[in-house]
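Below is one structure, written out as structure tokens, with a few remarks after it.
Below, chain A is the first sequence line, B the second, and so on; all start at residue 1.
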Amino acid sequence: MKQRVSALLREKFGREVVLEKPRDRSFGHFATPIAFSMAKELRESPMKIAEELASSFSESDFFSSVDSVKGYLNFRLSENFLSEYGAWALENPDQFAKQEKNEKILLEFVSANPTGPLHIGHARGAVYGDTLYRLAKHLGYDITAEYYVNDAGNQIDLLGLSIQLYGRENILKESVEYPQSYYRGDYLAPLAQDAVDKFGKEILSDESRQKELALWAKDGVMEIIKKDLADTNIFFDTFVYESSLYEDWDRVMAKMGDGIYKKEDKVFIASSQKGDDSDRVVVREDGRPTYLAGDIVYHNQKFERGYENYINIWGADHHGYIARVKAAVEFLGYESSKLEILLSQMVSLLKDGEPYKMSKRAGNVILMSDIVKEIGSDALRFIFASKKSDTALEFDLSEFKKQDSSNPIFYIQYAHARIKTIISKSDLSEDDIMAATLKNLGENADNLLFDALLLPEIIEDAFSSRQVQKLPEYLKSLASSLHKFYYDCRIIGTENEAKLLKLLMIVGLSLKTGLSLMGIEAKDYMTKEDD
RNA sequence: GCGCUCUUAGCUCAGCUGGAUAGAGCAACGCCCUUCUAAGGCGUAGGCCAAUGGUUCGAAUCCAUUAGGGCGUACCA
């Protein structure tokens, strides 16, 4: 709708027009302060210009009114337009709010090391990424969700060591001395046991077999990670393994030309030429590549696969890393502006106002799976999608266990369930409802209809600005409008029953579509659980 | 020290490319079930948008400085 209005005005005024939401719905559906910017050029008062502009609009099918208030130009869409659009949406629910963007995007997210289950920080990036992915799909982008598996560095050796330590203590019943860093947690138990079953007990004590053990175990860990993700409706299209990339290393180094140089038996990337603070080591003296080396070959591979845009979602603690990866992309001969790096910030958890206790058995991290168990996938997704991903977030678990309006996910679900309930209680057939027109329903109903039809532009805006939280914000406000309408307006048994049901169906469609874009299934019926 | 980032109601957060009286939810205090699920609705109270200065018709929003918080500043991933 907004696009149509804005296109229409652009044509009429011959310039880009800023459209905004009026302060108050009574002003209209859209507003523009264009008269203020024209005032300067024309040396006239904004009020006068606005008045002249307003009167230049004639009666049309599209706008029911255009008027000027204090220099603003306010537009009200016609009932005709709204009702036809609403009817179209209902008849074409699969096309509602969809577009055909046809741009190839590679979205890389999560990419947690295959050394243990996902923790709460990963969960945030995962939800953010998956929500973007769903929005992009809906908008018609050809987007690929990719997971980069770091299976080639020190952390993999550490995984081997950790399994050995766990097995020696718990299976062989040895007393072991733990080094400073190693992985811990319950997930090691089945891995250690399976390893013994497969390779025999010796593998636990043979230091030279750590790598072998780890490379075998990482697949098991990846299964754990995939399960964590699947439990929150997150799925990936492709997995790229770091270990598979190194055969390309010589070619990629050559490709970077002068971007790479040798010094003191080490290989450096001249990233300081491209805005990084200093040059970085990519291959150590002993020939082992650094983490950055893996990222360079990986990003080269990404660009060679040919996408129009690349989006990476990284934990905020990696932000210092952006400059060097972008530098590498430049040396490889690609435009680093095509690589967009989004950060997801830290999460701190509270429970009943107290810091959430990390469990020893989980290895002193807060596991994503524990939180899902506690509040459910829907609530988890809702929380993370509701907040700007690039600011630190603190939230209290107990708030999301409540089943009332303090819990936004229930609030929205309830709105959807209410609609379904009313429809099921009506004696009218679907044909009766679909045949009704949405006219002459009064201001409240018109407003609700307009709100429900805003979904397409919310989706577009949420994706293009990468501000996923706009969607849940919108759904909350739509749910609120619905609840209010429900309270004010009796539906079943009134003369407008068919029309009103049609209106509710449109609202339901928006709610359901919006929720599904957040990876949440709309409920048709809510049952209250007693504590 | 340097870089990035954040600071909006008691708490957790929205506030789009600067625009009309600063927005939710929670918590607090009232009111509304002979109504399609009260898992709801209505209302009251609560803010010098961290501070200062600048840009302009107009700033929570842009710029600069300051203060405070977070993160980074590895040949770790």
Mind checking the [atom1] distance from [N] to [M]? Whole angstroms is fine.
{"N": "B/U65", "M": "B/U55", "atom1": "C1'", "answer": "15 Å"}
{"N": "B/A60", "M": "B/C16", "atom1": "C1'", "answer": "14 Å"}
{"N": "B/A59", "M": "B/A50", "atom1": "P", "answer": "15 Å"}
{"N": "B/C2", "M": "B/U61", "atom1": "C1'", "answer": "28 Å"}
{"N": "B/G46", "M": "B/G25", "atom1": "C1'", "answer": "14 Å"}
{"N": "B/G40", "M": "B/C11", "atom1": "C1'", "answer": "24 Å"}
{"N": "B/A77", "M": "B/C63", "atom1": "C1'", "answer": "38 Å"}
{"N": "B/C13", "M": "B/U56", "atom1": "C1'", "answer": "31 Å"}

Looking at [N], I'd like to know if its phosphate oxygens (OP1 or OP2) sit under 4.0 Å from a side-chain N or O belonging to [X].
{"X": "A/Gln469", "N": "B/G15", "answer": "yes"}
{"X": "A/Arg466", "N": "B/C16", "answer": "no"}
{"X": "A/Lys420", "N": "B/U37", "answer": "no"}
{"X": "A/Tyr474", "N": "B/A14", "answer": "no"}
{"X": "A/Asn154", "N": "B/A77", "answer": "yes"}
{"X": "A/Lys484", "N": "B/C42", "answer": "yes"}
{"X": "A/Lys388", "N": "B/G15", "answer": "yes"}

Check your understanding: B/G40 base stacked by A/Tyr414? Criteria: ring centres under 5.5 Å, plane angle under 30°.
Key -> no
Review point. Are A/Tyr147 and A/Phe239 close enough that their ring centres sit under 6.0 Å apart?
Key: yes
**Study point:** Aromatic contact, A/Phe450 with A/Phe30 (centres under 6.0 Å)
**Key:** yes
If pairing requires Watson-Crick or G-U wobble contacts with both distances under 3.5 Å, which nucleotide is the partner of [N]?
{"N": "B/A77", "answer": "none"}
{"N": "B/C4", "answer": "B/G70"}
{"N": "B/A28", "answer": "B/U44"}
{"N": "B/U21", "answer": "none"}
{"N": "B/U65", "answer": "B/A51"}

d([atom1], [X]; [atom2], [N]) in whole Å:
{"X": "A/Tyr411", "N": "B/A14", "atom1": "OH", "atom2": "P", "answer": "19 Å"}
{"X": "A/Glu20", "N": "B/A20", "atom1": "CD", "atom2": "P", "answer": "7 Å"}
{"X": "A/Phe485", "N": "B/C36", "atom1": "CZ", "atom2": "P", "answer": "16 Å"}
{"X": "A/Ile34", "N": "B/A20", "atom1": "CD1", "atom2": "P", "answer": "17 Å"}
{"X": "A/Asn444", "N": "B/C42", "atom1": "CG", "atom2": "C1'", "answer": "14 Å"}

Point to revise | Trace of the salt bridge (charged side-chain N to carboxylate O under 4.0 Å, His left out) decision for A/Lys2 with A/Glu460 | key: CA-CA 11 Å; A/Lys2 191 171 177 178; A/Glu460 164 106 49; over 6 Å; no
Study note, to complete from the structure: Per nearest nucleotide of RNA chain B, the residue lying toward the 5' end, A/His483 or A/Phe27, is A/Phe27
Revision key, fill the gap. By nearest-nucleotide position on RNA chain B, the 5'-leaning member of A/Glu242 and A/Ala31 is A/Ala31
**Study point:** Strand contacts (RNA chain B) in residues 287-302 of chain A, 4.0 angstrom heavy-atom criterion
**Key:**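 Heavy-atom contacts with RNA chain B come from A/Thr290, A/Tyr291.
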**Study point:** Sorted by number, the residues of residues 322-331 of chain A with heavy-atom contact under 4.0 Å to RNA chain B
**Key:** none
**Study point:** Test log, rule salt bridge (charged side-chain N to carboxylate O under 4.0 Å, His left out), inputs A/Lys302 and A/Glu146
**Key:** CA-CA 10 Å; A/Lys302 279 186 177 180; A/Glu146 184 155 290; 5.5 Å; no
Contact class for [X] vs. all strands (heavy atom < 4.0 Å): base, sugar-phosphate, or nothing?
{"X": "A/Leu482", "answer": "nothing"}
{"X": "A/Asp151", "answer": "nothing"}
{"X": "A/Gln345", "answer": "nothing"}

**Study point:** Nearest to side-chain heavy atoms of A/Lys70, which nucleotide of B/A20, B/G40, B/C4
**Key:** B/A20
Point to revise | Side chain of A/Tyr525 (C-beta onward), nearest among B/A14, B/C71, B/U37 | key: B/U37
Protein-nucleic acid N or O pairs under 3.5 Å, nucleotides 55-61 of chain B:
residue : atom : partner : partner atom : Å
B/C57   : OP1  : A/Lys40 : NZ           : 3.4

